[in-house]
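Sending over a structure as structure tokens; questions will come in a sec.
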Amino acid sequence: MALSSTTYRVAFSGNGSTTVFSFPYYFLLDADLVVILRVDSTGVETTKTITTHYTVSGAANPSGGSVTMVTAPAVGETLIVYRDPALTQDLDITANDPLPAENL
């Protein structure tokens, strides 16, 4: 499935109680999402670690999914979630195959 959306980032203001945050864009793997917690007063950003600080659900769902934080972001913090898939090419093109490599 192609990624048809150019929007890939959402931000949420912490309130000290909300732990589940919607990510309404397609992503293929849980590891395709990056989660950052920013302290608004200082601008300090900390990248969080999957399974340690949060979990992800909804991978490969065209409607997106959600990020569930272990600890709710506090008032004065912003949770930033964005899509950053690995840039890999898994297609193996064989020389002299009936499918012309130049066309791809």
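Each residue takes its place number in the sequence, starting with 1. Given the structure is predicted, the values throughout are model-derived calculations rather than measurements.
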Discussion item. Distance check, rounded to the nearest 0.5 Å: H53 atom NE2 versus L37 atom CG?
Written reply: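 Answer rounded to 0.5 Å: 9.5 Å.
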Practice prompt. Identify the heavy atoms of L79 and P73 that sit nearest to each other, and give their distance.
Written response: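 Of all heavy-atom pairs spanning L79 and P73, the closest is CB-CG, 4.2 Å.
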Item to complete: Specify the closest pair of heavy atoms between A11 and T78, including all atoms of both residues, with the distance to one decimal.
Response: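 Answer, listing the atom of A11 first, then T78: CB-CG2, 4.0 Å.
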Worksheet item: Does any pair with a residue in residues 45-64 pass salt bridge (Lys or Arg N to Asp or Glu O under 4.0 Å), and if so which ones, sequence neighbours excluded?
Response: R38-E45
Practice prompt. Would you give the length of the straight line joining atom CD1 of I36 to atom CD of E77, rounded to the nearest 0.5 angstrom?
Written response: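 Going from CD1 on I36 over to CD on E77, the span is 13.5 Å.
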Discussion item. Which heavy atom of A59 sits nearest to which heavy atom of D30, and what is that distance?
Written reply: CB-OD1, 3.4 Å
Item to complete: With sequence neighbours excluded, tell me which residues meet ring-ring contact (aromatic ring centres under 6.0 Å, His included) with F21.
Response: F12
Worksheet entry | Nearest heavy-atom neighbours spanning I80 and R9 | CG2-NH1, 3.5 Å
Worksheet item: Quick one: do V70 and I50 end up in the same hydrophobic cluster if we chain Ile, Leu, Val, Met, Phe, Trp and Tyr together by side-chain heavy atoms under 4.5 Å apart?
Response: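 No, it is not one cluster - the side chains of V70 and I50 are not joined through contacts under 4.5 Å.
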Fill in: Any V56 side-chain heavy atom under 4.5 Å of F27 side chain
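In contact.
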Worksheet, complete the sentence: Sorted by chain and residue number, the side-chain contact (heavy atoms from CB on, under 4.5 Å) partners of S41 (sequence neighbours excluded) come out as V39
Discussion item. Main chain of Y26, side chain of R83: is a donor-acceptor contact present, judged purely on distance under 3.5 Å?
Written reply: yes
Practice prompt. Quick one: pull up CG in L33 and OH in Y25 and give me the separation to the nearest 0.5 Å.
Written response: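 Atom-to-atom, L33:CG and Y25:OH are 12.5 Å apart.
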